[in-house]
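Step one of this worksheet: look at the structure below.
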Amino acid sequence: MRLITFPMERDYSLTGPERQNAFQRGLAGADWYRTPVDRKVLKHLMKRTDWPATRDISIWVAVLVGSGAGGILFWGSWWALPFLFVYGVSYASAADSRWHECGHGTAFKTRWKNDVVYEFASFLMMRNSVVWHWSHARHHTDTIIVGRDPEIAGMRPPQLIVLCLNLFGIVAVPQGLVALARNAAGILPSDEADLIPETERRKAVRVGRIHIAIYVLVAFVSLWSWSLLPLVIIGLPRAYGIWLLLVMGLPQHLGLAEDVLDHRINSRTVLMSPILRFIYWNMNYHIEHHMYPMVPYHALPKLHEVVKHDLPAPNPSLWNAWSEIIPCVLRQLRDPRHFIRPQLPEGAGVWEPVQSNLTA
Amino acid sequence: MPWIDACALVDIEEEDLVRLDHEGRTYAIYRIWDEEVYCTDGLCTHEKVHLADGLVIDHTIECPKHNGQFDVRTGIAIRSPACEALSTYPARVADGRVLVEIP
């Protein structure tokens, strides 16, 4: 038996030594544990329909337009603040889950509707829709596999200052703009090139140019009118409205194991109120989503009922989830190898990972 | 190539598929409606995931892992991350059995 020890700090890039390590250990492109679900039940859960997303997107757009209009109307007075508060959360925190679900193509049955919402939400989130499509596919192939997963938010040791600053996008927004500008200039850095096939790279450059052109135009209008308002409506909400997404979204994997082939061990399901679940489109059922990414967001609560006997007990609230995460993250500052081991229920399916024989 | 007796038609629900392993290769056999059947390679061209766990919508098969889509009639990839087409094979129904012409 080969004993593998990890250094205190790991290299989370996709082209560093951890990439080779993931391949050598059979963790790249491996088979993952899935709670067995009867095919008929699963087919029912996977069924696509346009209605729930049409309703929910309509409400979202109405809230965006209404709160944005309020912010513009009352601009210059304190009355604008509550409108911009709602607008920012809708713009950034709610857009992420729309981006995510439509990126999977599961929100609507009609393909073009998924694509339109995906592109719109990608713009709001300052994400290149092509780059992030491939990034998220990799996240599903190699969830929290160091050196392979580009979407590991909780690196060890934790960068607490960056995490806190990003509650208001202070690091992430400049990073996002720089990444888009780089793509617009025709540059795909090595981590992005590792994800995206040659045939898709021109599209990524085109998307980068469109996004940057819009932001330059908005900045120009802001300067020309000598008012922050255009930027407060387009662009800056990605900073001032993102905090709720981090509160809801970071618990997906934060504090849990790296380099395991079982989503029950590296992902977290947290029960939330209906309002938060509307904003987050049920992505709080995160273990379920990773096991069966074809199940649309509106069917995830039903999937949870079907598989919960085989999953760790969900955190009953966000408060409860953060109560276990914060001490863990603080301990990781001095011991990056520390993580939370979820307790599987008695009789849960045995994790017998089939490791991959892929080579780098 | 010989015609292989793959399964009974009733073994496949309408708008569904089954997996067929033959001579060391995996195939997917689709039943769209009544006796309309198709056959393709059984592994997604993106990351070799078994399509048999996927979802058939009209004439499309969606990969269960990354939601890439293919047209089962032509094998053409119609949604990324699937980019490369699936190989397709002739399929027909005779006397309630699904026959496929595979190597």
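Everything numeric here is computed off the predicted structure, so don't read it as measured data.
Between A:H286 and A:H289, the angle of the ring planes lies from 30° to 60°, which puts this pair in the tilted group.
For A:E18 and A:N21, the side-chain atoms include at least one donor-acceptor pair closer than 3.5 Å. For the 3.5 Å distance criterion, the side chains of A:D56 and A:Y297 qualify, holding a donor opposite an acceptor. When only modelled atom types and interatomic distance are considered, A:T35 and A:Y292 share no side-chain donor-acceptor pair under 3.5 Å. Judged purely by distance below 3.5 Å, without hydrogens or angles, the side chains of A:E288 and A:N282 never pair a donor atom with an acceptor atom.
Figure legend: cation-pi geometry between B:R73 and B:Y38 absent, as NZ or CZ is not positioned both under 6.0 Å from the six-membered ring centre and within 45° of its axis.
Using non-hydrogen atoms only and a strict 4.5 Å limit, the part of residues 129-144 of chain A facing chain B consists of A:H133, A:W134, A:A137, A:H140, A:T141. Along residues 81-103 of chain B, the residues that come nearer than 4.5 angstrom to chain A, judged on non-hydrogen atoms, are B:P81, B:C83 in order of number.
In this structure, chain A has no heavy atom under 4.5 Å from any part of B:T60. Of the two parts of B:I57, only the side chain, counted from C-beta on, holds a non-hydrogen atom closer than 4.5 Å to a non-hydrogen atom of chain A.
A salt bridge between B:E13 and A:K40 is present, with a side-chain N of the basic residue lying under 4.0 Å from a carboxylate O of the acidic one. Taking the charged nitrogens against the carboxylate oxygens, A:K302 and A:E305 have no contact shorter than 4.0 Å, which rules out a salt bridge. Between A:D50 and A:K113, at least one side-chain nitrogen of the basic residue sits less than 4.0 Å from a carboxylate oxygen of the acidic one, meeting the salt-bridge criterion. Between B:D53 and B:K65 no salt bridge is recorded (no basic side-chain N to carboxylate O distance below 4.0 Å).
For an aromatic pair to be called close, the ring centres must be under 6.0 Å apart, and A:W32 with A:H263 satisfies this.
By number of non-hydrogen pairs under 4.5 angstrom with chain A, the leading residue of B:E47, B:K48, B:R79, B:E15 is B:R79.
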